[in-house]
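Note that the structure is predicted; figures quoted are calculated from it, not measured. By convention in this document, chain letters (A, B, ...) are assigned in the order of the sequence lines, proteins followed by strands, and residues within each chain are numbered from 1.
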2 protein chains.
Amino acid sequence: MARSDQRPVTVHMIAEHVGVSASAVSTVLSDRHEERRLAPATVEKIRKAVRDLGYVPNVAARRLRAQDPEVHHIELGILTSFEAPLFLVSRVLRQVQRMADARTGPGRNFSVSIAMFHAGRLREMAGLLDASRFNGVVITNTLPDDDTFLAATTLPYAVVVLGRRLPNYCCVLDTPGESGRRAAEILLGRGCRRPVVLTPALLTQSTVDRADAFCATVRSQTGAEPARIVAAGFTPTNGAEALRTHLGAGRGCDGLYAVTDGLALGAYQAIKHAGRKIPQDVAVVGVGDHEQVDFFDPPLTCVGPSNETIVELIVTQLFDLMNRRRVKPVETFVPPSLVMRASA
Amino acid sequence: MARSDQRPVTVHMIAEHVGVSASAVSTVLSDRHEERRLAPATVEKIRKAVRDLGYVPNVAARRLRAQDPEVHHIELGILTSFEAPLFLVSRVLRQVQRMADARTGPGRNFSVSIAMFHAGRLREMAGLLDASRFNGVVITNTLPDDDTFLAATTLPYAVVVLGRRLPNYCCVLDTPGESGRRAAEILLGRGCRRPVVLTPALLTQSTVDRADAFCATVRSQTGAEPARIVAAGFTPTNGAEALRTHLGAGRGCDGLYAVTDGLALGAYQAIKHAGRKIPQDVAVVGVGDHEQVDFFDPPLTCVGPSNETIVELIVTQLFDLMNRRRVKPVETFVPPSLVMRASA
DNA sequence: AAAGATTGCTAAATCGTTTTAGTGACAAGC
DNA sequence: GCTTGTCACTAAAACGATTTAGCAATCTTT
């Protein structure tokens, strides 16, 4: 890394510093000085300058130069926030890679990577606006601030948004209102009298939609507003703490809807610690955004996005956009799938 | 995407096709044709050609051009296999980002991303050898084939290897032999008579080390070789199946060491289904590579890499290498940490 | 002493894109 | 008829690296 506050050091600067040509420097940098017969003394001088000046190569320049002009290099990215769980993201990644692998040949080459932004600060991600980083991206786990930013810009490349609705973007998400409604129906259907919804403090489009639909359904069927428990974050620890507080305060709960499975996992612990049984004393419904709901104890009943379908749709749309087989943005709603397991 | 088997379409090719200059094409591509007053008819012709030829911009070229020459752009990557769990990777990522954020200023800019390779096929990752993708990387979750590949090459940039030993690389890992030994001691210390080790079929350096040390310790303390259960993969499903088979065959087990926590989670289910209690009937020890071991039921006792320490060390070393504050590769061993929870 | 080989280096082209400065052609105004 | 202005576009440089071809100078060989 260069000494601070300086212009980045380039091969030319090193060359000038040593008093040789840029070619000589490049030769040394790529360890070709033997075959190209640079004098050992020169090599040493260059090496020293490289160290002293703190040279860091410019990867964009290297890449441009190194690319075989006969082959396409296509960069795909999955953009998610640091704070969000990686389960769905890694499924998307695997699917993107699968489709990329199928299309990779002698003339075409894909790189797929995950890039993360601080929740609410997507706008700060370098290379997003000037299209200098990706040929196509899947964006997910945005907060309202990010959504506002996206809505106000048109990114000039293939973009598919996962799990939220944004005007002028291709979006794939579970049908609004459905998940929450069906979760409420499941709990009420089992005879729950005191249904509760557990949400994180920072709400995304999907979590707010689930919570609202749940509450609306409970209200319309029972006339009473369900309790809302707000956890500090998305993690099991947050969920456990929130539920512990709720139960500790003696406020009842015989049916719990967690808008993200991490919270449900935490809730499990708090419920069991309180000496209650799942599902007999408290039935729990999650959404299926955790990799291991089958291994929760008891396995978590989920009603939420059908991940397989969503991932497939999203990746297909991404490739269609890049192929220009699709040009107009579409919203695709995937009806939530219900997997009855043992928790409700 | 271009029609297959063709040279990639460039701005120049479009220009030639339409009969205008590259500048005109670029102007249209960046939607500046209004302010730069291109004739609407020309714009249309260019747009059509862009579509017809299937233009895909070259991001390397764009990036090179778009970069502000006053600022450093540093690319950091975390390289992991598709198959491996993302827990530790995401912790590394967050730590890298934290250090990067702390060093970001007007003259310096970091991009951090996760790139994945197919296990055993790291060598195929584009831009690794020619250093045209990253200024520095953390590599983890490699298989023996990948290790061989790495040992045979010197990557000309900052590389830190996580969780395995490789000659000529900076490596950070838990002290070889320790985890497995201590796991054995814990189980034997509780009086287990039939300790068992659960491993995936494809062994990485760390998993093989853990399993071997465990077996060696059991052998030396009891004279008998512990059973080895081999699961098809890393997942809870694999673990559950393997253990179900083992227990079903009537082969005993009163203490289980899982060399990766995903397997332990699966084992939990099989053990409970068999009507046994954890830890009374079967004590379980894991390694702490799962995010939510605290929320396993019962919480999983772990002896393994101290993630916090490892992540901190690895990221510090990465930045030291880039700063050239360190030049010689070092191996850093982190003694495993023991977290006693309820499973053993 | 001339021819050829070796040594040690450089100039210039190239990768694909964007931007800046500029250039004709034509119209309008005096 | 000359200036001024607008329109529609182009040439060329630049981003930072690598590589190819080539050029002097020195050393060997005959």
Can you give one letter per nucleotide of nucleotides 14-26 of chain D, 5' to 3': B if a protein heavy atom sits under 4.0 Å from the base, S if only from the sugar-phosphate, - if neither? BBBBBBB------
Value in whole Å for how far the [atom2] atom of [N] lies from [atom1] of [X]:
{"X": "B:Ile14", "N": "C:dG16", "atom1": "CD1", "atom2": "P", "result": "13 Å"}
{"X": "A:Leu38", "N": "C:dT6", "atom1": "CG", "atom2": "P", "result": "18 Å"}
{"X": "A:Glu34", "N": "C:dT7", "atom1": "CD", "atom2": "C1'", "result": "14 Å"}
{"X": "A:His72", "N": "C:dC15", "atom1": "NE2", "atom2": "P", "result": "15 Å"}
{"X": "A:Lys45", "N": "C:dG8", "atom1": "NZ", "atom2": "P", "result": "13 Å"}

Axial bend angle, the helix from C:dA1-D:dT30 to C:dC30-D:dG1: five-pair end segments, nearest 10°: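 Answer for the end axes of this duplex: 70°.
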So, applying side-chain contact (heavy atoms from CB on, under 4.5 Å) with A:Met116, which one of A:Val89, A:Leu79, A:Ile78, A:Leu86 is it?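 That would be A:Leu86; it is the only one of A:Val89, A:Leu79, A:Ile78, A:Leu86 passing the side-chain contact (heavy atoms from CB on, under 4.5 Å) with A:Met116.
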Measuring from atom [atom1] of [X] to atom [atom2] of [Y], what distance do you get when rounded to the nearest 0.5 angstrom?
{"X": "A:Thr42", "Y": "A:His33", "atom1": "OG1", "atom2": "NE2", "value": "11.0 Å"}
{"X": "B:Thr104", "Y": "A:Glu124", "atom1": "OG1", "atom2": "CD", "value": "10.0 Å"}
{"X": "A:Asn135", "Y": "A:His73", "atom1": "CG", "atom2": "NE2", "value": "11.0 Å"}

Tell me, do [X] and [Y] make a side-chain contact under 4.5 Å, heavy atoms counted?
{"X": "B:Val138", "Y": "B:Leu93", "result": "no"}
{"X": "B:Met99", "Y": "B:Gln95", "result": "yes"}
{"X": "A:Phe149", "Y": "A:Arg121", "result": "no"}

Is it true that B:Glu75 and B:Arg63 make a salt bridge, defined as a side-chain N closer than 4.0 Å to a carboxylate O? yes
Taking any heavy-atom pair under 4.0 Å as a contact, classify A:Ser132: base, sugar-phosphate, or nothing. nothing
